[in-house]
Amino acid sequence: MTNDLIEKSKKHLWLPFTQMKDYDADPLIIESGAGIKVKDIDGKEYYDGFSSVWLNVHGHRKKELDEAIKKQLEKIAHSTLLGMTNIPATELAEKLVEISPANLTRVFYSDSGAEAMEIALKMAFQYWANSDRPEKQKFVAMKNGYHGDTIGAVSVGSIGLFHQVYGPLMFESYQAPIPYVYRSETDDPAACRDQCLHKLEQLLQEKHHEVAALTIESLVQGAAGMIVMPEGFLAGVRNLCTKYDVLMIVDEVATGFGRTGKMFACENEHVQPDLMAVGKGITGGYLPIAATLTTEKVYDAFYDDYENLKTLFHGHSYTGNQLGCAVALENLRLFESERIVDHVAEMSTYVSAQLNELYALPHVGDVRQLGFMCGIELVQDKETKTPFAFEQRIGYRVSLKMRELGMLTRPLGNVIVFMPPLVSTKADVQAMVAIMKEAIEIVTSEAFHVGV
Ligand SMILES: *Cc1c(COP(=O)(O)O)cnc(C)c1O
C-alpha cells in the first residue's frame, strides 16, 4: 500500500515549486495531522515547522475548526458571490473590517494570496482610470519582493530564481531598493533605511505622474529570506506614497493573522494601506480563502451606473466559498478566545533567545525574526559573510536532514525557515530549534570538510 502510493505519486503528480527529480529521490506522503505535528503514510511523525507553508495557526484537526466546517456543510457547501452573497462571507467581511486598519472598509474575496494581489493591482489600476487619471498605469515594486506566482503578481515580484525566466511575460514596473541590513554596506539599520527611502523618493519625484501604486510586503519580506525591514521603513514608505499620490498596496498574506505578534504587521508602524492583501492564516490553514481589503475612497471610484463601465470585472468560481468563510470566522473567534496574538507576542522573546543560541554555530550568519516568522541565513564564512555556493544546496540539505530528524520545513536558498504554528509552546519551540541546530551542525560540517 505504502509503496504503491509512492509509485503513483511519482508517476502522476507534478508538485509546486518542486524539481521532481528531487521528489523522486526523497518522496513523502502525509496521511494525517494532529496539533502541531503531521504524520506520513509510514506512521513517522514530524513537527510542522513551517506551518504547512506559513498557513497553520491552531494546529491540525483543531476541534472547533473541524466542527465549523461540518456545521456549515449541513446547510450548503458553495453558492456563488457573483451578484449575490451568502451568510458566512457577509459575516466574515464585517469581522475582517473590524480587525484590520481603520481606513479599510471593503472586502473582495478570492482563493489565494496571488489572486488577492492580482485583484489589488487591478483595483489600483482601474481606480485611476475611473478617476479620469488614466495616465497613472505603472507600479513601483520592491527589490526581492514576492507576491505569488500568477503573472501579475510575478510582475511586481523580483526574486531572480523564481521570476527571471518569465521576464518576457511580465509588465514592466519600477523597482525600489529595500533595506537588507545584514547585506548592506553600512550594517546600520537607520542609515540603510534612510538610503532606501531617499532613493524611493527620487523615483517617485520623477515618475509619480505615471504611477498607480506601490506594492510592498508588510515589514518582513518572506520569500526573499525573512528579511525584516528596519524600524520606520514601512511608515516612511507610507508617507512617500501619500506625498506623491500613489496608492499603497500592502501584502499581508504571510505576515497577517498574528504571525508577527500583531494581528497585522503594518500595525507595528501604524500604517494604513490603501489596499491590503490577506490569505494564508485567514482560515487557520484549513481552506483556500484570501481577500483584498480597501478603502471607501477606492470603492467609490467604481460605484456608478452600469453604463458608465466602472465595474470591477473580476471574479473566480469559488469566490466567497461558504465552507472557507465559515472556518475563517471560527478561526477569528478562536483568535479572541485563545488570545493567539498575545501568545505570539509573549513567545517572541523566547523564540528570539532560542534562535540566538544558533549564532554559536560556525555557519550561522544571520538570525532574523519577528514573532513566529523566522529565517536563519547560513554562510560559508561568517567574517566575510560569503554565501554557500548555489550548487551546494545547503538550505535544501539541512531541511532534508531536519525531515529525517522529525521536522518539516522548506528553505529559501541558504535561509532555513522556521514558522511554527502560532499555538506552539515553549517546549515545542525548544524541541524544534534543537532539531534545527542538530541538522545545521551535521550538514554544514559535512559541507565544510568535503568542501563540496
Ligand atoms: C504566500 C504568499 C503569497 C501568495 O499566496 P498564495 O496563496 O500562495 O497564492 C503572496 N504574498 C506573500 C507575501 C506570500 O508569502
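In this chain, numbering begins with 1 at the start of the sequence shown. A quick note: this is a predicted structure, and the numbers were derived from the prediction, not measured. Start at 1 and go down the list; that is how both ligands and their atoms are numbered.
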Exercise. Work out which heavy atom in N331 is nearest to a heavy atom in G284; give both atom names and the distance.
Key: ND2-N, 3.2 Å
Is there any N or O on [X] that sits under 3.5 Å from an N or O of ligand 1?
| X | result |
| --- | --- |
| G113 | yes |
| G148 | no |
| D251 | yes |

Any carboxylate oxygen within less than 4.0 angstrom of a Lys/Arg side-chain nitrogen, looking at [X] and [Y]?
| X | Y | result |
| --- | --- | --- |
| R238 | D274 | yes |
| R403 | D40 | no |
| K243 | E201 | yes |

With heavy atoms of [X] as the reference, note each atom of ligand 1 found under 4.0 Å away.
| X | value |
| --- | --- |
| W54 | 15 (O) |
| A254 | 15 (O) |
| A114 | 4 (C), 5 (O), 6 (P), 9 (O) |

Quiz item: Are any side-chain N or O atoms of D428 and backbone N or O atoms of T425, one a donor and one an acceptor, separated by less than 3.5 Å?
Solution: yes
Exercise. Could you tell me whether a side-chain N or O of E217 sits under 3.5 Å from a main-chain N or O of G145, the two making a donor and an acceptor?
Key: no
Practice problem: Mark the output for E217 as yes if a heavy-atom distance to ligand 1 is under 4.0 Å, and as no if none is. | Solution: yes
Quiz item: In the protein, what heavy atom is nearest to atom 1 (C) of ligand 1, and what distance, to one decimal place, separates them?
Solution: K280 NZ, 1.5 Å
Quiz item: Only one of L275, T215, T295 forms a side-chain contact (heavy atoms from CB on, under 4.5 Å) with L247, so which one is it?
Solution: L275
Self-check item: atom 8 (O) of ligand 1 within contact range, any protein heavy atom under 4.0 Å
Solution: no
